[in-house]
Amino acid sequence: MQPVKRIEIILDFQDLAKIVKILNSLGISGYTVIRDVTGSGDRGLRPGDELTDVFKNSYIMTACPEEKMQEIVEAIRPLLKRFGGICLVSDAQWVIH
Amino acid sequence: MQPVKRIEIILDFQDLAKIVKILNSLGISGYTVIRDVTGSGDRGLRPGDELTDVFKNSYIMTACPEEKMQEIVEAIRPLLKRFGGICLVSDAQWVIH
Amino acid sequence: MQPVKRIEIILDFQDLAKIVKILNSLGISGYTVIRDVTGSGDRGLRPGDELTDVFKNSYIMTACPEEKMQEIVEAIRPLLKRFGGICLVSDAQWVIH
Amino acid sequence: MDASLIINNFLSPPILFFFLGMLAIFVHSDLDIPQPLAKFFSLYLLMSIGYRGGAELAHSGMTWEVATAMGAAMLMSVIVPIYTFFILTRQLKMVVHDAAAIAATYGSVSAVTFVTATAFLQKLEIPFGGHMVAALALMESPAIIIGVLLYRLFTARNPNKDTLADQNPANGELSWSELMRDAVFNASVFLILGSLVIGLISGGGPGEKALEPFLKDLFRGVLCFFLLDMGLVAARRLKDLRKAGASLAAFAILIPLINAILATAVAKMIGMSLGDALLFVMLCASASYIAVPAAVRLSIPDANPSLYVPMSLAITFPFNIIVGLPLYLSTLKLFWS
Amino acid sequence: MDASLIINNFLSPPILFFFLGMLAIFVHSDLDIPQPLAKFFSLYLLMSIGYRGGAELAHSGMTWEVATAMGAAMLMSVIVPIYTFFILTRQLKMVVHDAAAIAATYGSVSAVTFVTATAFLQKLEIPFGGHMVAALALMESPAIIIGVLLYRLFTARNPNKDTLADQNPANGELSWSELMRDAVFNASVFLILGSLVIGLISGGGPGEKALEPFLKDLFRGVLCFFLLDMGLVAARRLKDLRKAGASLAAFAILIPLINAILATAVAKMIGMSLGDALLFVMLCASASYIAVPAAVRLSIPDANPSLYVPMSLAITFPFNIIVGLPLYLSTLKLFWS
Amino acid sequence: MDASLIINNFLSPPILFFFLGMLAIFVHSDLDIPQPLAKFFSLYLLMSIGYRGGAELAHSGMTWEVATAMGAAMLMSVIVPIYTFFILTRQLKMVVHDAAAIAATYGSVSAVTFVTATAFLQKLEIPFGGHMVAALALMESPAIIIGVLLYRLFTARNPNKDTLADQNPANGELSWSELMRDAVFNASVFLILGSLVIGLISGGGPGEKALEPFLKDLFRGVLCFFLLDMGLVAARRLKDLRKAGASLAAFAILIPLINAILATAVAKMIGMSLGDALLFVMLCASASYIAVPAAVRLSIPDANPSLYVPMSLAITFPFNIIVGLPLYLSTLKLFWS
Ligand SMILES: Nc1ncnc2c1ncn2[C@@H]1O[C@H](COP(=O)(O)O)[C@@H](O)[C@H]1O
Ligand SMILES: Nc1ncnc2c1ncn2[C@@H]1O[C@H](COP(=O)(O)O)[C@@H](O)[C@H]1O
Ligand SMILES: Nc1ncnc2c1ncn2[C@@H]1O[C@H](COP(=O)(O)O)[C@@H](O)[C@H]1O
Ligand code: NA
Ligand code: NA
Ligand code: NA
């Protein structure tokens with residue numbers, strides 16, 4: 001097993017493509033997405049029950065080497081600042097296969 | 001980045017509103033929900049394939065300051081005792097933005 | 001609270017049953033599943049927008065005692081080697097109830 | 001017994017699609033109906049049956065016939081949970097909480113069984129009254145409440161309860177308001193009753209005609225699709241039956257038969273029409289698997305759902321729509337002709 | 001005023017199902033329409049209305065009547081956001097970003113309101129032109145663009161902006177291409193316009209006939225189901241209205257009335273038929289809750305959605321379909337007879 | 001060549017909705033069909049085509065015509081994967097695993113292409129036999145099995161295999177039972193065959209009539225909706241084609257043409273009717289993108305899905321339904337008149 005950083009980002013459904021673009025531009029090709037997620041945050045409740053996809057969230061998780069983590073976080077931070085959402089970083093062990 | 005506690009709760013779909021109520025009553029306005037989750041636990045398989053929403057789970061995650069964590073856990077524990085479900089707490093770094 | 005290992009596995013939707021079988025055979029009856037998950041990895045993009053369920057992922061998480069973890073990881077590793085997917089292990093505290 | 005009726009039902013598309021769903025599980029096919037669709041189809045069937053029942057009731061009006069049917073429905077949904085509870089605890093030596101849950105299950109009704117029966121009657125061109133839909137809605141809840149009362153009556157007070165029952169409502173006693181909400185305002189009762197009232201109000205007007213293509217013409221096709229899904233789910237639950245054991249499996253077939261006999265007698269006594277009688281018998285013979293689990297979960301928390309769910313879903317439901325439907329009708333015909 | 005028209009509308013199935021949805025929330029029923037279904041039904045309604053509008057336009061052809069209707073639609077969707085913006089900022093002392101978002105909301109239109117109005121006209125057998133669907137599509141975007149322009153015109157430059165506006169596009173200025181995409185190519189405008197063009201091309205041919213059972217016959221039933229869901233969502237948003245306050249709640253009813261009067265005058269002036277006039281009035285009176293939030297989110301990021309969404313969804317929409325529809329028609333009838 | 005036929009097809013609603021879907025991606029619209037709905041529509045189309053084929057077969061009975069059609073279907077689904085495999089490995093110097101997967105793709109068939117062709121024939125009022133649905137079901141699996149056999153025949157034994165092939169079944173050899181399940185009992189083959197059998201059993205009876213509004217009348221409309229989604233998905237896959245390169249793109253158009261010529265010859269030889277011949281040609285020209293990926297994933301694990309999926313989904317499928325359909329029919333007309 002190999003230590004990695006597990007970065008979780010929760011943000012507007014409609015900003016998902018922007019995050020994926022950033023990850024791709026940083027050469028990160030491994031990530032997992034849960035498209036339909038609801039929640040609540042600084043910008044109030046996002047119930048996800050409307051016809052428009054504006055008021056729901058998406059979840060992205062990527063496991064990356066420690067040295068890549070800082071780079072990703074820096075690239076994502078301005079997006080979160082502008083559009084809202086959160087980003088958590090935690091430690092994990094990658095099962096090598 | 002700022003250290004936080006990442007609390008994950010998995011419980012019956014129909015108890016979701018109760019957890020949200022508890023979080024609100026504790027002044028926690030940041031959380032993320034995945035409504036449709038299946039699984040298995042002490043109360044057997046919850047396949048989520050029936051017409052009734054009784055046999056499926058929901059997932060809630062909230063990232064909170066360390067000092068809030070204990071309070072949340074204590075408020076949730078009796079609910080888990082009565083209705084089933086699990087609660088995990090782990091460490092994470094919140095990306096300040 | 002009791003320290004546990006949090007094992008997350010992300011793999012092909014169609015291999016989900018295999019993982020559940022392995023967990024059952026190891027006596028693990030507690031796990032949570034998110035059936036429809038998309039993502040990208042070594043085997044390219046898995047957009048989850050097709051009629052066939054072949055190009056989408058599932059997510060399984062199980063919290064288990066430390067001593068069980070190694071056993072689970074060893075049982076799962078050959079599956080990941082053959083069919084793709086990832087497995088992450090992290091630390092968590094189980095809220096006893 | 002009218003064998004052609006049985007074969008005829010057996011070979012009708014809805015039943016065949018139910019079998020197809022079961023077969024898919026047995027041969028390990030990856031056939032799978034997305035859950036939101038299955039849920040939509042059940043909502044559609046409830047809305048369709050409710051609206052059309054209400055519209056028909058608007059035509060026929062409230063009659064003596066309607067009142068007696070309601071009374072009979074009420075009666076049966078009180079009797080059934082009580083007598084089955086005692087069979088379960090006395091004869092089958094079952095613990096109180098499971099007995100109460102199973103009694104509620106068999107006292108309450110299955111809307112899908114009812115819906116399948118109406119399609120069967122329509123095919124045979126046997127008329128039935130719109131008020132039977134009201135009977136269906138009426139019969140969903142009482143048995144649940146009686147089941148919970150029996151549970152509370154026959155359960156010794158839990159000595160640990162006092163330590164738990166602190167200020168926090170999560171620990172507290174049974175919430176009657178929650179029970180009422182789950183038993184009376186659960187989605188299926190609510191939608192059937194609501195659609196019935198809408199049908200009553202707007203039936204006969206131009207609105208009824210405009211809704212026909214959606215609410216009436218598609219009905220049979222949607223039922224086929226829906227029973228395909230029910231077949232998948234029922235087959236998946238079959239393996240849970242091992243836990244239930246042979247005596248509960250027998251119970252899941254015998255009680256519907258007994259209830260059908262009781263219902264036949266009651267229907268004859270109050271002079272129901274043949275079509276109404278069949279629907280009434282089907283209601284009494286059917287077991288709930290939607291309303292009951294929702295209400296029982298909180299009110300009889302120690303009841304084991306892997307007993308009462310597969311019993312009603314994987315035995316009683318298939319038995320009723322495959323064998324029961326033609327069986328009950330041919331029996332009724334003996335007395336009604 | 002034609003009271004029977006109001007009662008008639010009040011008791012029509014689509015409106016009754018809307019009430020049923022609201023009631024479900026008030027009695028805490030667990031009735032819930034799966035979101036993918038609700039989304040499908042809205043796509044279906046847009047496709048149906050678009051295709052049938054296009055097919056009818058293919059029959060009638062492009063006439064002077066069509067051109068003036070388009071002109072009137074364009075005019076109203078420019079005037080409304082501007083005058084409402086000044087009412088909001090001057091009279092109601094609202095901050096610019098919220099005023100701009102609300103102005104865009106009331107300048108743009110609600111397809112579901114339009115669709116409900118067409119069902120209402122069909123029931124009353126009042127004819128209307130297919131080009132009104134084009135007017136609907138035409139009216140969705142301009143108000144959004146005007147709202148954004150007003151916002152940018154009346155907002156003092158943010159001093160922090162320069163530090164943010166670095167190379168990274170995520171920090172940069174408003175992306176006009178993104179705004180255009182959200183305002184003009186958003187799913188609802190795109191699908192309505194696309195279906196309209198397909199209807200124009202293939203209308204009259206055998207294709208039109210073959211699509212009727214799906215696109216036309218099911219329309220009313222799907223509308224009922226859809227309004228059931230709209231009732232659920234609207235009732236859930238009602239409690240957000242407390243934040244909006246009484247003056248905005250009044251705004252959400254008065255502005256539709258004013259717009260309806262303006263639209264009546266314009267429709268009379270250009271000599272629209274009764275059916276077209278009602279649809280035009282409904283469009284002007286309606287407020288957007290699909291296209292606007294999507295576009296406003298990026299273009300007026302500081303606008304508070306818990307003001308403009310519940311105003312349009314939980315007040316203006318129900319008001320228009322329940323009271324407005326028969327009210328506007330009976331007013332129109334005074335001038336058109 | 002009958003140019004009017006091509007234009008006519010080009011302007012038919014299903015094809016236009018396919019274009020609309022592609023356009024939505026090109027203009028970056030946020031139009032999106034929820035995946036559960038797209039899946040439901042594909043299940044619906046399979047069920048509809050299966051049931052109606054079976055019902056028609058019940059009317060016509062098993063004839064010599066049916067038997068020869070089945071034989072021809074079997075023959076083509078054996079020949080096509082073999083000859084294409086050698087073109088791919090010899091002419092295009094492709095590695096064995098990708099060649100085998102592509103050969104299976106082009107040997108197997110696309111139910112959606114077939115369904116679009118039946119709608120096309122119905123519009124032109126050209127009759128066709130219900131047994132062609134059986135041919136469709138028959139042709140899905142053999143090419144997959146042949147593809148896997150070719151792969152195993154032409155792949156040098158992997159020296160690492162022995163270390164892997166321990167007790168754990170996850171590491172072991174190809175599971176033939178899994179392959180059979182994926183190839184023969186996959187959802188689409190299973191549902192088509194099952195519905196066909198149900199149609200055979202219940203066709204002609206009152207059940208058939210009652211299912212018509214759902215299974216028949218809605219067909220064309222659902223097809224439009226479904227092709228709208230297919231357009232979205234196909235356009236999203238287009239960019240993957242860059243990886244495939246020009247020679248594979250050419251392959252994805254030429255092989256359908258060659259298969260169409262072969263199928264035309266076979267159809268003429270065994271004396272198929274014009275309608276049956278067109279469906280047979282469409283089947284042979286079509287490439288799978290549902291059954292094949294499911295089976296190939298485990299059986300030819302090293303095959304690259306970003307080659308065979310976009311080839312069939314983004315080139316061959318659009319080519320066949322837009323250009324192929326009228327092209328093949330006008331060619332057939334030359335020989336059949
Ligand atoms: N403390 C938190 N814990 C978990 N999820 C959060 C938290 N804060 C925000 N979120 C998620 O991030 C989304 C956007 O947050 P915000 O931009 O703060 O409105 C919310 O709707 C939640 O789904
Ligand atoms: N050890 C575990 N790891 C992950 N999820 C669990 C675990 N135990 C229970 N769960 C989840 O919690 C739900 C309720 O658990 P229970 O109340 O034990 O039946 C299960 O259906 C699972 O989704
Ligand atoms: N580094 C990663 N971080 C998060 N998820 C990943 C990562 N790598 C792969 N995955 C997930 O695992 C799936 C299968 O990965 P693979 O077998 O590498 O194609 C992907 O589609 C992703 O959902
Ligand atoms: Na019963
Ligand atoms: Na407006
Ligand atoms: Na082929």
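Every chain is numbered from 1 and lettered A, B, ... according to where its sequence line falls, protein lines coming before strand lines.
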> Of all of Pro14(E), Gly221(E), Ala119(E), which one pairs up most often with chain D through heavy atoms under 4.5 Å apart?
Replying inline: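 When all of Pro14(E), Gly221(E), Ala119(E) are compared, Gly221(E) has the most.
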> Of the listed residues (Leu228(E), Ile33(E), Val222(E)), which shares the most heavy-atom pairs with chain D below a 4.5 Å separation?
Replying inline: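 Most pairs with chain D among the choices: Val222(E).
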> So which part of Ser48(D) gets closer than 4.5 Å to some heavy atom of chain E, the side chain, the backbone, both or neither?
Replying inline: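 The answer is neither part of Ser48(D).
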> chain E: which of Ile198(D), Val184(D), Leu211(D) shares the most heavy-atom pairs with it under 4.5 Å?
Replying inline: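 The answer is Ile198(D).
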>> Shorter than 4.5 Å, heavy atoms on both sides: which option in Gln35(D), Lys39(D), Met47(D) has the most such pairs with chain E?
In response: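 Ranked by contacts with chain E, first place is Met47(D).
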>> Check for me whether the distance between the ring centres of Phe317(E) and Phe18(E) falls short of 6.0 Å.
In response: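 Under 6.0 Å, so yes.
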> Using the benzene-type ring in the case of Trp, are the ring centres of Phe214(D) and Tyr44(D) under 6.0 Å apart?
Replying inline: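 They qualify: ring centres under 6.0 Å apart.
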Atom group of [X] that falls short of 4.5 Å from chain D, counting heavy atoms:
{"X": "Leu20(E)", "answer": "both"}
{"X": "Pro36(E)", "answer": "side chain"}
{"X": "Leu223(E)", "answer": "neither"}
{"X": "Phe19(E)", "answer": "neither"}

> Judged by atom type as modelled, is there a donor-acceptor pair below 3.5 Å linking the side chain of Ser29(E) to the main-chain atoms of Phe185(D)?
Replying inline: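 It does hold such a pair.
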Of all heavy-atom pairs between [X] and [Y], which one has the smallest distance, and what is that distance?
{"X": "Ile300(D)", "Y": "Ala101(D)", "value": "CD1-N, 4.1 Å"}
{"X": "Ile144(D)", "Y": "Ala183(D)", "value": "CG2-CB, 4.2 Å"}
{"X": "Phe10(E)", "Y": "Ile15(E)", "value": "O-CG2, 3.9 Å"}

> Angle class for the Phe225(E)/Phe41(E) ring planes (parallel below 30°, perpendicular above 60°, tilted otherwise)?
Replying inline: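 Because their plane-to-plane angle lies in the 30° to 60° range, the rings of Phe225(E) and Phe41(E) count as tilted.
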